[in-house]
Amino acid sequence: MRKSRKIALINLIALSALLVGVLFFSDFASENVAVRDFVFANGYYGLFLVAIISGFNFLLPIPAIAFLPIVIAVGLDFWVGVVIVSIGMTIGDVVGYFLGRTGRKVIDESKLPKFMRNCDSFIHKHPKMTPVILFLYAAFIPLPNELIVIPFSFFDRHWSHIIWPVLAGNFVFNSLAALGIMSISGIV
């Protein structure tokens, strides 16, 4: 099997495992009376705090959208929940942005690997591609946004060139994930 097919298969298996894990966690959490009471008591505010923390995925590797079935179960609005999770995740991504900006000030550019210097050159030659790449990554790649936000901020891109496309991508990603979770939850 060619290397690219192996990587694609591994990615498919990882995505499937993530979806099963999210479904299991959301099912467990929605059945837990204490969690339901917490969400009911804190509503959108609690969901927002979880989304901010999970937006910086290295701290809480559970997607905040996994809590959406709980939000629905206590009677809160589906789309408001998706918007709140998307905004919260983006605020978490801002932390990654500032880490990248700080890194640029600390690390000597001449010591960067050639790949990083080539990426920096590409980004400066094609500045209009930055929002497109960020949006597509945030919307369709089920990996932490910090993996792309930190390097783009490191390459001296202004925050508005990074955060707005990531917010839009987070909304698409969370919408698709939420619709999928709700559809599968209805079937199971």
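A quick note: this is a predicted structure, and the numbers were derived from the prediction, not measured.
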Rounded distance (nearest 0.5 Å) linking atom CE of M89 with atom CG of N174: 5.0 Å

How far apart are the closest heavy atoms of P151 and E146, and which atoms are they? CD-O, 3.7 Å

Rounded to the nearest 0.5 Å, what's the gap from CG on N42 to OH on Y45? Could you check? 8.0 Å

Under 3.5 Å donor-acceptor, Y97 side chain and W159 backbone: yes

What are the two closest heavy atoms between S160 and W164, and how far apart are they? O-CD1, 3.3 Å

Any chain of hydrophobic side-chain contacts (each under 4.5 Å) joining I133 to L167? yes

What's the spacing between T90 OG1 and F171 CZ if we round to 0.5 Å? 11.5 Å

Nearest 0.5 Å please: distance from the OG atom of S153 over to the CG atom of D93. 10.5 Å

L136-V149 co-clustered via ILVMFWY side chain contacts under 4.5 Å: no

Quick check on the hydrophobic clustering: are L143 and F152 connected, directly or via other members, by side-chain heavy-atom contacts under 4.5 Å? yes

Has D77 got a side-chain atom pairing as donor or acceptor with V80's backbone, closer than 3.5 angstrom? yes

If two hydrophobic side chains count as joined below 4.5 Å and joins carry through other members, does M129 share a cluster with I162? yes

What are the two closest heavy atoms between F78 and I72, and how far apart are they? CA-CD1, 3.3 Å

Please report the C-alpha distance between F173 and I141 in whole Å, then the side-chain angles of each, then the deciding distance to 0.1 Å, and finally whether the side chain to side chain contact (heavy atoms under 4.5 Å, CB included) criterion is met. CA-CA 8 Å; F173 179 82; I141 306 296; over 6 Å; no

d(H161 NE2, K128 NZ) to nearest 0.5 Å is 10.5 Å

Give the minimum heavy-atom separation between A51 and I84, together with the two atoms involved. CB-O, 4.2 Å

If you group Ile, Leu, Val, Met, Phe, Trp and Tyr by side-chain heavy-atom gaps below 4.5 Å, do F135 and V82 land in one group? no

Do W79 and S175 make a side-chain contact, defined as non-hydrogen atoms from C-beta onward lying under 4.5 Å apart? yes

Straight-line distance of F48 CZ to S86 OG, nearest 0.5 Å: 11.0 Å

What one should report as the nearest heavy-atom pair of I150 and G96 is CG1-O, 3.1 Å

Yes or no on side chain to side chain contact (heavy atoms under 4.5 Å, CB included) for L76 and Y44, after CA distance, side-chain angles and deciding distance? CA-CA 8 Å; L76 299 176; Y44 295 125; 3.5 Å; yes

